[in-house]
Amino acid sequence: EAGVAQSPRYKIIEKRQSVAFWCNPISGHATLYWYQQILGQGPKLLIQFQNNGVVDDSQLPKDRFSAERLKGVDSTLKIQPAKLEDSAVYLCASSSGTGAYNEQFFGPGTRLTVL
Amino acid sequence: SQKIEQNSEALNIQEGKTATLTCNYTNYSPAYLQWYRQDPGRGPVFLLLIRENEKEKRKERLKVTFDTTLKQSLFHITASQPADSATYLCALPLYGNNRLAFGKGNQVVVIP
């Protein structure tokens, strides 16, 4: 079974620039999550999708972050414009069920450096 | 506010010994708790889930306990091996079990 795919693996941008990350979840997984993991911290949920609908985006900084999940499969997370404090690893995860008790399968992450 | 605490200091342990990690939480009443493993440059990998009515859960050399009175979970790796070296994260549900909150993680280094 193929795992969660993410690209790019690394990205370096200047502050105020835009960046987009892509995620392909495990086939058949209805729930998709985007997390932000700052160095030395645990992952922090940014947004959760159930199929192509948003379940929870309460921790997404909506003035600069946006995410979509077209057709309930792939998802993109965008930051526009980026700030220095956005430097982190952005993790995508998927699960077969909707509840947080379901095992989440994580991708390798995209390491973003904002200069 | 709700808090999850894991020891920020790395645990260095001799191969073959038992590594024990602690996850404490406050202002929570979680119905379950999860443990994940994270290797450098990789995403977390799910290890175990323990429910509030389960005192102990085992998986191969891993053992997890859940004490809802102490608001604490202990994670044990028995007969530790260098391949067990990683960061271990505990995670608990928030707000009606729809969102997982992760602790900062605790690094384990197994010395051959």
Side-chain angles (χ1 to χ4, degrees), chain A residues 1 3-10 21 23-26 29-50 53-60 88-113, chain B residues 1-10 21-25 28-54 57 59 64 66 73 75 86-107:
Chain A
E1 173 181 86
V4 176
Q6 289 188 249
S7 68
R9 289 297 314 276
Y10 306 91
F21 312 125
C23 172
N24 181 237
I26 291 173
H29 279 192
T31 306
L32 186 146
Y33 309 83
W34 282 102
Y35 288 88
Q36 180 193 59
Q37 187 172 25
I38 292 171
L39 188 64
Q41 305 286 321
K44 171 188 162 187
L45 181 70
L46 293 175
I47 189 166
Q48 177 184 344
F49 290 95
Q50 171 70 19
V54 175
V55 173
D56 184 347
D57 64 355
S58 57
Q59 299 193 108
L60 186 75
V89 174
Y90 291 84
L91 294 162
C92 179
S94 69
S95 67
S96 56
T98 57
Y101 54 81
N102 289 285
E103 178 180 350
Q104 295 186 24
F105 295 83
F106 284 82
T110 296
R111 181 176 296 279
L112 174 66
T113 302
Chain B
S1 64
Q2 295 157 325
K3 242 186 192 179
I4 304 170
E5 292 178 347
Q6 293 189 258
N7 195 340
S8 56
E9 281 187 32
L21 306 179
T22 304
C23 176
N24 293 303
Y25 58 93
Y28 267 96
S29 294
Y32 58 87
L33 185 149
Q34 299 182 11
W35 283 90
Y36 284 77
R37 168 185 173 141
Q38 188 170 24
D39 292 281
R42 308 188 77 158
V45 174
F46 173 83
L47 295 174
L48 283 162
L49 179 149
I50 184 165
R51 300 184 189 280
E52 60 181 340
N53 60 349
E54 298 174 311
K57 197 92 171 265
K59 179 182 176 182
V64 170
F66 192 10
S73 175
F75 177 86
T87 295
Y88 293 87
L89 301 152
C90 67
L92 297 89
L94 287 179
Y95 304 121
N97 297 339
N98 252 352
R99 187 202 310 168
L100 266 188
F102 284 82
K104 290 183 179 182
N106 199 175
Q107 186 183 11

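Just so we're on the same page: letters track the sequence lines, and every chain starts at 1.
Using a 4.5 Å heavy-atom cut-off against chain B, the contacting residues of residues 32-42 of chain A are A:Tyr35, A:Gln37, A:Gly40, A:Gln41, A:Gly42.
To the nearest 0.5 Å, the span separating SG on A:Cys92 from CG on A:Asn24 amounts to 8.5 Å. Atom CD of A:Glu103 sits about 8.5 Å away from atom CD of B:Gln34, to the nearest 0.5 Å. Atom CG in B:Leu94 sits 6.5 Å away from atom CD1 in B:Ile4 (nearest 0.5 Å). With rounding to the nearest 0.5 Å, the separation of CZ in B:Phe66 from CD in B:Glu54 is 9.5 Å.
Using a 30° and 60° split on the angle between ring planes, A:Phe105 and A:His29 fall in the tilted class, from 30° to 60°.
Ranked by heavy-atom pairs shorter than 4.5 Å toward chain A, the options B:Pro44, B:Gly105, B:Gly103, B:Gly43 are led by B:Pro44.
For B:Gln38, the part lying near chain A is the side chain, with the backbone staying farther off; criterion is any non-hydrogen pair under 4.5 Å. For B:Leu49, the part sitting under 4.5 Å from any heavy atom of chain A is the side chain, from C-beta outward, and nothing else. Heavy atoms of A:Arg9 lying under 4.5 Å from chain B belong exclusively to its side chain. Of the atoms belonging to A:Thr31, not a single heavy atom falls under 4.5 Å from chain B.
When the side chain to side chain contact (heavy atoms under 4.5 Å, CB included) test is applied to A:Val55, the partners found at least two apart in sequence or on another chain are A:Gln48, A:Gln50, B:Asn98.
Looking at A:Ser95, A:Ser94, A:Ser96 one by one, the single match for side chain to side chain contact (heavy atoms under 4.5 Å, CB included) with A:Ile26 turns out to be A:Ser94.
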